[in-house]
Amino acid sequence: MKFRYKSILLSSVVSALIPLTGIAANIPQDMGATAPTQTQTVSIVMKLHNVPQLEKFIAGTVNPNSWNYQNFLSVDEFVDRYAPSDEDIRKVVRELNKLGITVNEVYRNHMVIRATGTAAQLNQFFSTELHQYQEAKQRYIKPNRQVTIPDSVSDVVLTVTGMNTRKFASPHSRKLSDALPGVASGDLVKSTSLNAASTGNPLGQLTVADVANLYNINPLYAKKINGRGQTIGIATLATFNPADAYAYWKSVGLNVSQNRIKQRHVDGGAGTDGADETTLDVEQSGGLAPGADMIVYDAPNTDSGFMDVFFKAASENRVDTLSVSWGSPEIAQTPDVMNGQHQAFLELAAQGISVFASAGDAGAYDINDNQGGYAYPACAKTLTVDSPASDPYVVAAGGTTLPSVQVHKYGSITVPAERPWGWDYLQNYFVTYYGQAYYDTNLFPVGNGGGVSVNFALPYYQANTSGVKTSAASQSLICQTTSGPQDLIDLPAGYGGRNLPDVSLNADPETGYSVYVGGAWIYGYGGTSFVAPQLNGIAALISQVNGGRLGHLNPQLYARLNQYGYGSNSPFNAITTGDNLYWQAAPNYNPGSGIGTLNVNNLAKSFRQWQW
């Protein structure tokens with residue numbers, strides 16, 4: 001399948017759907033039409049109004065020279081200026097009711113209508129046919145042909161989700177024990193920091209206290225900056241046990257409120273698959289900002305769940321920062337969901353809520369993730385990035401490897417300086433002692449997600465940034481299928497797309513973290529799933545420094561890069577060596593590590609309302 005070009009609200013976007021039927025191991029079986037009387041709940045996403053003005057407004061809220069600086073909107077103000085009108089909502093409700101489809105909920109921000117109908121009713125309204133599918137161990141419903149928005153409401157409705165119940169996104173975390181089966185426990189003897197003073201715990205067992213040491217957060221704690229008065233939001237696709245987080249914080253010596261966590265179950269709430277992901281999100285963000293309150297929004301791992309979780313957070317407007325550690329390859333993402341999420345991120349930005357997303361754990365080759373359906377060598381290496389981190393209104397959280405000496409069974413590996421996380425530094429060792437096939441299966445393409453979006457154009461805040469790249473040439477996803485090699489998608493060369501990540505922190509499981517989950521400790525944990533919530537907690541600290549919400553953070557980060565560079569007072573540390581399997585680090589912005597890592601104390605000083 002070649003590229004199909006489609007415009008989305010606010011951006012010129014290249015959208016492509018990869019058919020998941022292309023690979024032999026991934027062929028779903030059509031089990032026939034869904035019973036006409038079976039009910040299904042869908043999310044009907046409405047179209048924003050006055051989008052260019054909204055973009056301009058958001059830019060002003062984060063520009064200190066604008067009269068609109070930090071003048072964020074309430075939900076009611078957002079609805080009045082940019083959301084669908086009451087009549088737009090009534091129009092859609094009337095059309096649904098004509099077929100007997102029941103409206104369950106209209107989000108306060110007027111952006112989502114939740115409605116339940118039978119398969120027969122939904123088929124008629126959206127001119128499609130719902131079918132049952134079986135894929136591996138997963139059974140789900142999805143339309144057997146393209147969904148069409150009825151002409152009667154197409155002027156106000158953007159898309160519909162919830163008609164496809166297939167598992168949608170993956171968490172961005174890695175455990176050594178899973179990544180290196182049969183090797184990690186018996187081979188890796190010890191990983192030792194080259195800067196012993198930077199961490200109090202051994203590498204692989206780091207806690208939030210070590211993050212505070214590594215990235216200069218402790219001066220804020222000394223000034224009683226702990227996130228007090230702020231509310232951290234977590235968007236996730238799995239529920240969790242809050243007792244694990246409270247036990248973690250207690251074990252690392254943090255005194256926190258015992259009712260600081262509130263849980264909001266969106267679209268009926270999530271299942272438990274991925275509970276460790278949600279647990280580490282809460283532990284990391286809440287551990288770095290121990291004085292903050294927390295709201296965890298969990299939704300089912302479906303297309304509607306992964307969109308509604310952001311709209312629900314926006315419509316409630318109760319959190320000051322929000323992070324997500326789940327995602328999927330941008331080029332495999334459904335345009336309907338990406339377009340809907342983009343609208344949610346615009347609202348969040350207008351209301352001053354900073355959003356962070358993990359950049360992915362498959363290095364520069366997100367689509368080839370060895371835990372997914374398009375792994376190398378069955379599919380050709382294809383440079384790709386992750387969504388929703390690729391959205392320009394989201395801070396893409398990248399990962400690094402700390403300076404270390406890793407002692408293995410057959411020899412040691414030295415990482416002399418902090419570098420982009422990419423397990424190519426392990427390649428020679430594992431190919432030599434375990435073989436090329438072992439490396440290809442387990443260690444490639446593991447690393448920090450980053451590269452160039454082919455869906456979102458280069459945003460204004462990256463336009464004059466040294467080191468920004470365009471998309472690489474000769475990128476085609478060619479996979480071996482039951483009918484021979486198939487060219488699934490050809491990506492454009494030289495496309496001036498949004499670059500990611502934006503900033504990075506330690507994420508390599510080899511130099512990683514401990515997590516308390518299920519009443520027990522797990523060590524050797526890593527992934528950019530740690531970085532997004534860490535940035536979330538850091539943003540809560542800086543929001544307290546600032547005296548209020550920070551808003552859309554990316555323009556403010558890049559403005560500070562242009563102002564401070566990497567000097568002694570800079571908020572950033574340059575990452576100058578290594579790569580994320582393709583994109584090279586450099587003493588400027590680069591898609592291997594973004595701007596670099598943070599000096600949090602310096603970043604806090606750069607915000608205006610703090611008398612230092």
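- Under a 3.5 Å cut-off, the side chain of Gln258 and the backbone N or O of Val256 do form a donor-acceptor pair.
- With values rounded to the nearest 0.5 angstrom, Asn428 atom CG is found 9.0 Å from Tyr439 atom OH.
- Here the closest non-hydrogen pair linking Ala396 and Leu500 is CB-CB, 3.7 Å.
- Leu553 approaches Ser354 most closely through the heavy-atom pair CB-OG, 4.4 Å.
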- Worked check of side-chain contact (heavy atoms from CB on, under 4.5 Å) between Val296 and Thr278: CA-CA 9 Å; Val296 180; Thr278 306; 4.0 Å; yes
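- Looking at heavy atoms from C-beta onward, Tyr376 lies in side-chain contact with Asp440 at the 4.5 angstrom threshold.
- In this structure a side-chain-to-backbone donor-acceptor pair under 3.5 Å is present from Ser570 to Phe572.
- Residues Asp502 and Phe356 are not in side-chain contact: their nearest non-hydrogen atoms beyond the backbone lie 4.5 Å or more apart.
- Contact of the Val405 side chain with the Ile413 side chain is not registered, since no non-hydrogen atoms from C-beta on lie closer than 4.5 Å.
- In this view, Tyr516 and Trp521 satisfy the ring-ring contact (aromatic ring centres under 6.0 Å, His included) rule, not counting sequence neighbours.
- Distance alone, capped at 3.5 Å, is enough to place a donor-acceptor pair between the Asn448 side chain and the Gly399 backbone.
- Under a 3.5 Å cut-off, the side chain of Arg560 and the backbone N or O of Ser606 do form a donor-acceptor pair.
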- Query: Yes or no on side-chain hydrogen bond (donor to acceptor under 3.5 Å, both in side chains) for Asn301 and Asp273, after CA distance, side-chain angles and deciding distance?
  - Reply: CA-CA 9 Å; Asn301 191 357; Asp273 186 15; over 6 Å; no
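- Taking Phe240 as the reference, nothing meets the ring-ring contact (aromatic ring centres under 6.0 Å, His included) condition, with sequence neighbours excluded.
- At distances below 3.5 Å, not a single donor-acceptor pair connects side-chain atoms of Asn506 with backbone N or O atoms of Thr401.
- In this structure, Asp293 does not pair ionically with Arg318, as no charged nitrogen and carboxylate oxygen lie closer than 4.0 Å.
- In this structure, Glu277 contributes its side chain and Ser529 its backbone to no donor-acceptor pair below 3.5 Å.
- Atoms OG and CG, from Ser285 and Leu280 in turn, are 9.0 Å apart once rounded to the nearest 0.5 Å.
- Contact check for Arg549 versus Ile353: side-chain heavy atoms found under the 4.5 Å cut-off.
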- Query: When you look at Asn536 and Thr321, which way does the side-chain hydrogen bond (donor to acceptor under 3.5 Å, both in side chains) test go after all the steps?
  - Reply: CA-CA 6 Å; Asn536 193 352; Thr321 59; 2.4 Å; yes
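- Side-chain contact check for Asn464 and Asn562: no donor-acceptor pair (N or O, by modelled atom type) lies under 3.5 Å.
- Val319 approaches Gly233 most closely through the heavy-atom pair CG1-CA, 3.6 Å.
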- Message: Walk me through whether Thr236 and Tyr297 qualify under side-chain contact (heavy atoms from CB on, under 4.5 Å).
- Response: CA-CA 6 Å; Thr236 186; Tyr297 292 91; over 6 Å; no
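- For the atom pair CG (Leu288) and CD (Glu283), the distance works out to 11.5 Å, reported to the nearest 0.5 Å.
- One finds the CZ atom of Arg174 at 11.0 Å from the CG atom of Asp508 (value rounded to the nearest 0.5 Å).
- Here the rule is ring pair (Phe, Tyr, Trp, His ring centres under 6.0 Å) with Phe444, and of Tyr365, Trp423, Tyr582 only Tyr365 fits it.
- Without hydrogens or angle criteria, Asp361 side chain to Thr528 main chain gives a donor-acceptor distance under 3.5 Å.
- Annotation: side chain of Leu220 is in contact with side chain of Asn601 (closest heavy-atom distance under 4.5 Å).
- Separation of atoms CD1 (Ile522) and OG (Ser514) is listed at 10.0 Å; rounding is to 0.5 Å.
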- Item | side-chain contact (heavy atoms from CB on, under 4.5 Å) evaluation trace for Leu535 with Leu598 | CA-CA 9 Å; Leu535 293 175; Leu598 295 181; 3.6 Å; yes
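- Shown here for Tyr566 and Ile595, the closest heavy-atom pair between the two residues is OH-O, 2.5 Å.
- With Thr414 contributing its side chain and Pro416 its backbone, the two residues share no donor-acceptor pair below 3.5 Å.
- A cation-pi contact, defined as under 6.0 Å to the ring centre and within 45° of the axis, is absent between Lys469 and Tyr589.
- The side-chain heavy atoms of Leu561 and Thr465, taken from C-beta on, include a pair separated by under 4.5 Å.
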- Task: Take Phe530 and Tyr525, measure what ring-ring contact (aromatic ring centres under 6.0 Å, His included) needs, and give me the verdict at the end.
- Result: CA-CA 9 Å; Phe530 282 83; Tyr525 230 126; 5.8 Å; yes
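- Ring pair Tyr429/His408 is tilted by interplanar angle, where 30° to 60° counts as tilted.
- Nearest approach of Val454 to Ser471, heavy atoms of both residues: CG1-CB, 4.3 Å.
- Between the side chain of Asn368 and the backbone N or O of Tyr374 there is at least one donor-acceptor pair closer than 3.5 Å.
- When the side-chain contact (heavy atoms from CB on, under 4.5 Å) test is applied to Gln563, no partner is found at least two apart in sequence or on another chain.
- Between His552 and Tyr461, the distance separating the two ring centers is shorter than 6.0 angstrom.
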- Please report the C-alpha distance between Ser325 and Asp281 in whole Å, then the side-chain angles of each, then the deciding distance to 0.1 Å, and finally whether the side-chain hydrogen bond (donor to acceptor under 3.5 Å, both in side chains) criterion is met. CA-CA 8 Å; Ser325 297; Asp281 284 351; 2.8 Å; yes
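- From Gln284, atom CD reaches atom CD of Gln534 across 4.5 Å, with rounding to the nearest 0.5 Å.
- Side-chain contact between Asn499 and Val468: present, with at least one pair of heavy atoms (C-beta onward) separated by less than 4.5 Å.
- The aromatic rings of Phe456 and His342 sit tilted relative to each other, their planes meeting at an angle between 30° and 60°.
- A side-chain contact (heavy atoms from CB on, under 4.5 Å) with Thr207 holds for exactly one of Tyr513, Tyr248, Trp249; it is Tyr248.
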- Query: Are Tyr221 and Leu541 close enough, and set up right, to give a side-chain contact (heavy atoms from CB on, under 4.5 Å), and what steps lead you there?
  - Reply: CA-CA 9 Å; Tyr221 299 147; Leu541 300 177; 4.0 Å; yes
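- With hydrogens and angles left out, the side-chain atoms of Thr279 and Asp244 include no donor and acceptor closer than 3.5 Å.
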- Passes side-chain hydrogen bond (donor to acceptor under 3.5 Å, both in side chains), Asn213 versus Ser198? Steps please. CA-CA 6 Å; Asn213 287 332; Ser198 65; over 6 Å; no
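- In this structure, a donor-acceptor pair under 3.5 Å is present between the side chains of Asn201 and Asp210.
- Without hydrogens or angle criteria, Ser387 side chain to Glu330 main chain gives no donor-acceptor distance under 3.5 Å.
- Residues Asp391 and Met338 are not in side-chain contact: their nearest non-hydrogen atoms beyond the backbone lie 4.5 Å or more apart.
- Between Ala397 and Pro501, the shortest heavy-atom contact is C-CB, 4.3 Å.
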